[in-house]
Amino acid sequence: MDNNNVWRKDFPILDQKVNDEDLVYLDNAATTQKPKQVMSKVTDFYFSDYANVHRGVHTLAERSTEQFEAAREKVKNFIHAKSSKEVIFTKGATNSLNLVAQSYGENVHEGDEIVISYMEHHSNLIPWQQLALKKKATLKYIELTDDGQLDMEDAERKITDKTKIVSIAQASNVLGVINPVKKLAAIAHSHNAVMVVDGAQSIPNMPVDVTDLNCDFFAFSGHKMMAETGIGVLYGKQELLEQMSPVEFGGEMIEFVKKFDSSWNELPWKFEAGTPNIAGAISLGYAVDYLQSVGLDNIQKNTQEIVDYVLPKLIAIDDLEVYGPKDPANHTGVISFNLKGLHPHDLATGLDMEGVAVRAGHHCAQPLMEYLGLSATARASFYLYNTIDDADRLVEAIKATKEFFKNGTV
């Protein structure tokens, strides 16, 4: 595996220098770069077929609507939903999770319980926190094991007959673990609770089958899987979505409007008020095409080879603390770390001077940082266009940054 791998050429942004160094982009957990194949299709759409959807009978409107709904069908097949009615286009995973909290959350009442974990992104924490406050329900946190994995014994204890909602990330954006959401769904259902899955980190990196997982809701963002920003998906079981009320009102989501009453459109449009992000949805459809052409298994294999190689090298660096599982087999391409005596922002700045782009901060996971006794970490995250050479560059950049701050010279 080298810098001439078969996918890297599809991402022109990677072929540049940053601070006079060849760019190594390792901030994929925040957002992924876009392949030429996706962006050229979006440009073609704007220049050839663009019009508003579901509203016109002229040719451009029909072409635009056809591509928009074709994207929905691609997503349905990609996640193995039973019907395209179960695929709601949203602004992103955050919007999707808020939709569930605001709409399905009306089923939560005083004394009920909502269960999440300490590793949740704020997008899968604050909606439930605020719902619990509003409804006078109890928010409960599943503990973590010493190596940062979900404590399933504690999950069994925390999920009770009082639990109405369990919401867990399938893959952590900080600790690099994959959570057993299928097992959690079974536990939740045994207590008549629904299972919500934050799939923002998992869906770009591994095959996802929502029917097999038997989750009730699954949320994800397009920009983390090589589509444009501002587009996402909420998958929900049809029987649940049918029962839920819309939380936004306006064009397209209505069936009929009278002066003092209105009725709602059928699924999925009941939850898609106003002009949608048409090009974003179409870009998501083409991103799905690209991912399927590459193969999720190949993406997993590429990332695992890198993690197998680089994780032991990072752990071996003196004064570098790596968080999450130390066994590469239990680690995704997300690796968080701190260098003793150096603020993560300074570490990330030092790496940037070496051309290596990583994230530094609390990663929208402040309760997790508090749980770990940290204020922030640096985070490298690998994807299909990254290579062993990129991993070596990360290791060498950390060592160079360490020496610079130790001695004042590189």
Compare every heavy atom of [Y] with every heavy atom of [X], then report the nearest pair and how far apart it is.
| X | Y | answer |
| --- | --- | --- |
| R55 | T275 | NH2-N, 3.8 Å |
| A51 | S64 | O-OG, 2.7 Å |
| N302 | N386 | ND2-O, 3.3 Å |
| S123 | T94 | OG-OG1, 2.6 Å |
| K270 | L241 | NZ-O, 2.9 Å |
| I159 | A188 | CG2-CA, 4.2 Å |

Polar side-chain atom of [X] near backbone of [Y] as donor-acceptor pair, under 3.5 Å:
| X | Y | result |
| --- | --- | --- |
| K402 | D319 | no |
| R393 | E354 | yes |
| S190 | I187 | yes |
| T32 | H223 | yes |
| T43 | M39 | yes |
| S381 | A29 | yes |
| T401 | A397 | yes |
| Q33 | L14 | no |
| D15 | P12 | no |
| D352 | A357 | no |

Mind checking what makes ring-ring contact (aromatic ring centres under 6.0 Å, His included) contact with H362, not counting sequence neighbours?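 Partners of H362 under the ring-ring contact (aromatic ring centres under 6.0 Å, His included) test: H122.
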My understanding is that only residues two or more places apart in sequence, or in another chain, count here; which of them pass ring-ring contact (aromatic ring centres under 6.0 Å, His included) with H343?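 So H343 forms a ring-ring contact (aromatic ring centres under 6.0 Å, His included) with H345.
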Any Lys/Arg nitrogen of K74 or D289 sitting under 4.0 Å from an Asp/Glu carboxylate oxygen of the other?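 So K74 pairs with D289 through a salt bridge.
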Give a yes or no on whether a salt bridge exists between E69 and R72, defined as a side-chain N under 4.0 angstrom from a carboxylate O.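 The answer is yes: the pair qualifies as a salt bridge.
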Step by step, work out the salt bridge (Lys or Arg N to Asp or Glu O under 4.0 Å) result for R8 and D390. CA-CA 12 Å; R8 195 178 183 93; D390 291 341; 3.1 Å; yes
Calculate, to the nearest 0.5 Å, the distance between atoms [atom1] and [atom2] belonging to [X] and [Y] respectively.
| X | Y | atom1 | atom2 | answer |
| --- | --- | --- | --- | --- |
| I126 | L131 | CD1 | CG | 13.5 Å |
| L139 | L125 | CG | CG | 6.5 Å |
| T65 | R63 | OG1 | CZ | 12.0 Å |
| N330 | D327 | CG | CG | 4.5 Å |
| K34 | I13 | NZ | CD1 | 9.5 Å |
| F89 | I278 | CZ | CD1 | 11.0 Å |

Less than 6.0 angstrom from the centroid, inside 45 degrees of the normal: does K41 satisfy that with respect to the ring of F45?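 Output no; distance or angle outside limits.
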Can you confirm whether more than 12 heavy atoms, excluding those of [X], are under 6.0 Å from its [atom1] atom?
| X | atom1 | value |
| --- | --- | --- |
| K82 | NZ | no |
| E153 | CD | no |
| K183 | NZ | no |
| E242 | CD | yes |
| E66 | CD | no |

Flag the pair [X] / [Y] as yes when at least one side-chain heavy-atom distance between them is below 4.5 Å, and no otherwise.
| X | Y | value |
| --- | --- | --- |
| I317 | K399 | yes |
| L296 | L291 | yes |
| I142 | M119 | no |
| L284 | F78 | no |
| S117 | Y141 | no |
| V210 | V208 | yes |

H54 and W269 aromatic ring geometry - parallel, tilted or perpendicular at 30°/60° bounds: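 W269 vs H54 ring planes: perpendicular.
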Salt bridge (Lys or Arg N to Asp or Glu O under 4.0 Å) assessment of K135 paired with E106: CA-CA 9 Å; K135 295 288 189 172; E106 289 302 310; 3.2 Å; yes
side-chain contact (heavy atoms from CB on, under 4.5 Å), that's the test. Do W264 and S245 meet it? Break it down for me. CA-CA 9 Å; W264 314 135; S245 299; 5.5 Å; no
Determine the sole option in W7, Y290, F11 for which the ring-ring contact (aromatic ring centres under 6.0 Å, His included) test with Y385 is passed.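 The single option meeting the ring-ring contact (aromatic ring centres under 6.0 Å, His included) with Y385 is F11.
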Short side-chain donor-acceptor distance under 3.5 Å, [Y] and [X]:
| X | Y | result |
| --- | --- | --- |
| E21 | N19 | no |
| H191 | D161 | yes |
| D198 | Q170 | no |

Apply the test salt bridge (Lys or Arg N to Asp or Glu O under 4.0 Å) to residues K76 and E73: give CA-CA distance (whole Å), side-chain angles for both, the deciding distance (0.1 Å), then the verdict. CA-CA 5 Å; K76 183 210 84 169; E73 190 70 17; 3.0 Å; yes
Of K164, K162, K136, the residue whose pairing with D112 passes salt bridge (charged side-chain N to carboxylate O under 4.0 Å, His left out):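 When K164, K162, K136 are each tested with D112, the salt bridge (charged side-chain N to carboxylate O under 4.0 Å, His left out) holds only for K164.
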Exactly one of F271, F217, F218, F220 should register a side-chain contact (heavy atoms from CB on, under 4.5 Å) with L234. Which one does?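 Answer to the side-chain contact (heavy atoms from CB on, under 4.5 Å) test with L234 among F271, F217, F218, F220: F217.
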Give the C-alpha distance, both sets of side-chain angles, the deciding distance and a yes or no for side-chain contact (heavy atoms from CB on, under 4.5 Å) between L374 and N338. CA-CA 10 Å; L374 305 169; N338 276 329; 4.1 Å; yes
Please step through salt bridge (Lys or Arg N to Asp or Glu O under 4.0 Å) for the pair D154 and R157, ending with a clear verdict. CA-CA 5 Å; D154 190 56; R157 291 190 294 267; 3.3 Å; yes
Mind jotting down which residue pairs meet the salt bridge (charged side-chain N to carboxylate O under 4.0 Å, His left out) criterion with at least one end in residues 209-224? Sequence neighbours excluded, please.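 Residue pairs with at least one partner in residues 209-224: K182-D212, D216-K237.
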Evaluate side-chain contact (heavy atoms from CB on, under 4.5 Å) for I114 paired with T163, printing each intermediate quantity in order. CA-CA 6 Å; I114 302 168; T163 304; over 6 Å; no
Apply side-chain contact (heavy atoms from CB on, under 4.5 Å) to V307 and T332, showing your working. CA-CA 7 Å; V307 173; T332 70; over 6 Å; no
